[in-house]
Amino acid sequence: MNGFEFFVLYRLPYLAVPFYLIMLSVRIWVWMRFYNPALKLLPRARGSVYGVWKQQYRPTIHIFPGPRLQSTEWKRAIKGFVFFAGLYKRDKILWLGSWSLHLGLLLIIVAHVRVILPLDLDLICLRVALIGSGLMTVSGTYLLLRRIIIQRVREITDFRDYLAEVILLSFSATAFLVMLDGGVSSETLRHYVSGILMNTVEVIEVPHMFVWHMLAAQLLLIVIPFSHLLHLGGIFLSREFLGTSDTFAGEFGSGLKDRRD
Amino acid sequence: MEREKKYIPSGLAGTYMRRIAESDPFVREIQDEPSALRLYMDTCTKCGVCAQECPVYYGQPDKRMHPVERSRQVLRLYKKYTTFWGRFWNAIFPKPDFEDNDAELFAERMYECLTCRRCAAFCPVGIDHSVISRVGRSLVDLMGLTPPSLAQGTHNSFETGNLEGASVEAFLDAIQFIEEELKEETGRDIAIPLDREGAEIFFLPPSGDVLVYAENLMGMAKIFHAIGADWTMSSRAFDGSNFGFTTGNNFSMKYENKHYIDACEKLGCKLMVMGECGHAYRVMKFMASEGRWWGALPFDITSGFEYTAQLIRTGKLKLDPDKNLDPVTYHDACQFAAGCGIVEEPREILKAACADYREMPDGGYTQWCCGGGGGLSALRSVRAFRMEVSGKKKAEQMRETDAKIVSTSCLQCRTQLKEIARHHKMPLQITGVHEMINNAIVLE
Ligand code: SF4
Ligand code: SF4
């Protein structure tokens with residue numbers, strides 16, 4: 001193991017992971033200032049911070065206002081979050097690119113579960129990761145090209161956004177190459193993770209590309225809080241307070257129907 | 001200065017807010033405004049979908065008109081004054097508040113957004129650029145750079161309770177004139193009751209429907225007459241509009257709203273029926289009432305559209321569609337459609353009152369703004385922009401429908417659509433929705 005590999009595998013995680021967690025927590029705290037915890041104590045809160053929030057002047061009201069049925073809300077939220085149905089209605093090619101990117105990411109994350117499960121899932125997980133990383137690489141390339149080619153997207157993209165997308169793409173491409181190289185066994189990964197947790201350097205046999213994959217993954221954690229990739233957290237709050245499940249599910253105007261139900 | 005009267009709630013919440021408030025009103029304005037700005041700043045995926053759907057960007061697809069780029073002008077101020085890193089970098093490398101240090105350019109740009117919310121309907125993460133532009137406008141207002149005609153309207157509202165600045169006498173004259181017109185047209189005494197205490201319904205049209213386009217009010221008066229409603233208007237609060245909402249001046253927005261709430265309460269009415277102004281209705285129904293600005297209100301609130309559509313549904317109104325034979329289409333006013341969810345009612349009314357109703361392409365919740373939204377139609381200074389840029393899509397759509405009449409639910413839209421028709425040489429008649437009822441209603 002040379003100095004570079006040692007740094008990437010055994011020293012950078014101590015920097016990248018806490019940095020990511022701290023930065024994300026700070027962001028979440030700032031976002032949660034919507035609810036202003038101090039106001040929770042007031043009698044006007046009527047039991048919920050949301051109640052107070054609603055009473056304060058905020059022009060960010062629902063786009064298509066009107067009381068909704070709880071069950072319809074849920075259905076729409078699932079449609080929006082799981083299938084990106086709203087985006088599908090607006091821009092089918094963008095939907096395909098972005099949905100498959102997120103699906104690819106999900107598959108990669110799911111494939112990592114084998115590290116903590118006491119089962120031998122290597123065969124299936126490596127395949128899942130291969131598909132996921134492949135999917136993510138193809139769609140990530142499309143999204144990056146779209147960003148460069150389409151004027152209205154290029155106009156609002158700055159250096160940080162390009163950097164984030166290039167790192168994201170490197171993350172998935174290196175994952176794909178690692179998988180093509182036969183992947184890394186759960187046992188090796190467990191050794192590696194326990195080495196980091198115990199601060200002991202375990203000698204592990206991994207493909208060289210794995211080091212680059214780990215570098216990309218950690219750089220990604222560092223860059224997320226400063227780039228448009230931050231929507232990974234903000235969207236959950238945004239859905240609740242800025243948009244409605246209508247917009248996410250692409251069901252414009254159904255609020256009115258519900259009001260009559 | 002008006003700013004000082006800015007609404008801060010009483011009690012503990014007010015004390016808390018005052019304590020954290022900045023002494024510089026400009027900074028305070030940014031701080032007080034929706035924390036949503038932060039979320040907007042952090043969650044934008046920079047996908048460009050909003051630009052694809054924005055009528056202004058459609059008319060002029062360049063960086064200046066890009067919704068994200070416009071919002072960036074406000075968000076950089078937000079960042080500079082309210083975030084740790086913003087303050088930090090500004091202390092080391094101070095930057096001017098506005099690009100090119102040009103506050104007037106900033107003001108101009110804030111009035112290049114129509115606040116139509118079409119972007120919000122399409123944005124995959126639900127970002128509403130109209131909210132950000134409104135915050136920008138509030139800063140513009142604070143600097144005294146609100147376009148003069150809008151500032152005058154707000155001023156008039158403070159002074160006289162109506163945008164037009166009309167006196168009570170002028171209002172009474174207009175009402176008398178409308179009653180005479182009604183008599184002449186129908187041969188009946190259709191009264192427009194004023195200041196009747198204890199009446200069931202308080203009717204609140206925008207003052208333009210009394211002083212300029214009286215046909216809407218005539219239509220409504222006929223409806224009330226036909227069903228024998230117990231209704232009244234107020235000679236003190238006869239303008240159901242809201243320019244404070246448009247200019248970003250929160251104090252003015254609340255003041256205008258309170259003015260007619262007080263009038264309705266004083267008359268002891270049980271139901272407030274609001275006329276064809278989406279700004280006023282959105283503020284009243286979804287901000288003041290739902291947000292409980294003034295506590296629980298002792299009356300219900302509905303729009304003229306919901307009220308009339310309900311009468312049609314229950315068969316209480318008799319309409320003769322043959323009185324409106326020309327093909328009619330409907331232009332959804334942004335504040336009614338994307339702001340209040342009122343989409344089906346005006347259509348129900350027009351379908352019942354007109355023989356040939358045609359749908360406008362993309363009509364409904366995701367309508368394209370007329371190009372004069374957000375107060376722009378009141379600005380003569382931006383007429384070229386309204387005709388060639390922001391109104392470009394609407395002109396194309398109006399041509400596409402092949403209708404002879406475009407009916408709409410907002411005075412601002414009416415002005416803009418009329419100008420578009422004239423500018424693009426389309427022989428179109430622009431009407432209000434209740435104006436079509438005025439023609440079609442059968443009084444027995
Ligand atoms: S559509 Fe929404 S997420 Fe996409 S660029 Fe516009 S504001 Fe950002
Ligand atoms: S509110 Fe309307 S005009 Fe303003 S950015 Fe959004 S779509 Fe464009």
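Order of the sequence lines sets the chain letters (A, B, ...), proteins ahead of strands, with each chain counted from 1.
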In Å, rounded to the nearest 0.5 Å, how long is the span from OG1 of B/Thr43 to NE2 of A/His228? 12.0 Å
Contact class of A/Arg147 relative to chain B, heavy atoms under 4.5 angstrom: side chain
Can you measure from CD (B/Gln52) to CD1 (A/Ile150) and round to the nearest 0.5 angstrom? 8.0 Å
Against chain A, label B/Tyr57 side chain, backbone, both or neither, depending on which of its atoms sit under 4.5 Å from a heavy atom there. side chain
Rounding to 0.5 Å, atoms NE2 (B/His66) and CD1 (A/Ile156) come to a distance of 4.0 Å
Is the shortest heavy-atom distance from the side chain of B/Asp42 to the side chain of A/His231 under 4.5 Å? no
I'd like to know whether CZ of A/Phe83 has more than 12 heavy-atom contacts from other residues, nucleotides or ligands below 6.0 angstrom. no
Are more than 12 heavy atoms, taken from residues, nucleotides or ligands other than A/Trp212, located less than 6.0 Å from that residue's CH2 atom? no
Do other residues, nucleotides or ligands put more than 12 heavy atoms under 6.0 Å from the CD1 atom of A/Ile93? no
Between the CG atom in A/Leu87 and the OG1 atom in B/Thr45, the distance rounded to the nearest 0.5 Å is 8.5 Å
Can you measure from NZ (B/Lys46) to CG (A/Asp161) and round to the nearest 0.5 angstrom? 3.5 Å
Verify, without hydrogens or angle tests, whether A/Gln151 (side chain) and B/Pro61 (backbone) share a donor-acceptor contact under 3.5 angstrom. yes
Atom group of A/Leu94 that falls short of 4.5 Å from chain B, counting heavy atoms: side chain
Restricting to salt bridge (charged side-chain N to carboxylate O under 4.0 Å, His left out), what partner residues turn up for B/Lys80, sequence neighbours left out? B/Asp97
May I have all residue pairs that pass ring-ring contact (aromatic ring centres under 6.0 Å, His included) and include part of residues 156-175 of chain A, sequence neighbours excluded? A/Phe171-A/His213
Distance from B/Cys47 atom SG to A/Arg152 atom CZ, nearest 0.5 Å? 8.5 Å
Checking B/Cys44 against chain A: side chain, backbone, both or neither under 4.5 Å from a heavy atom? backbone
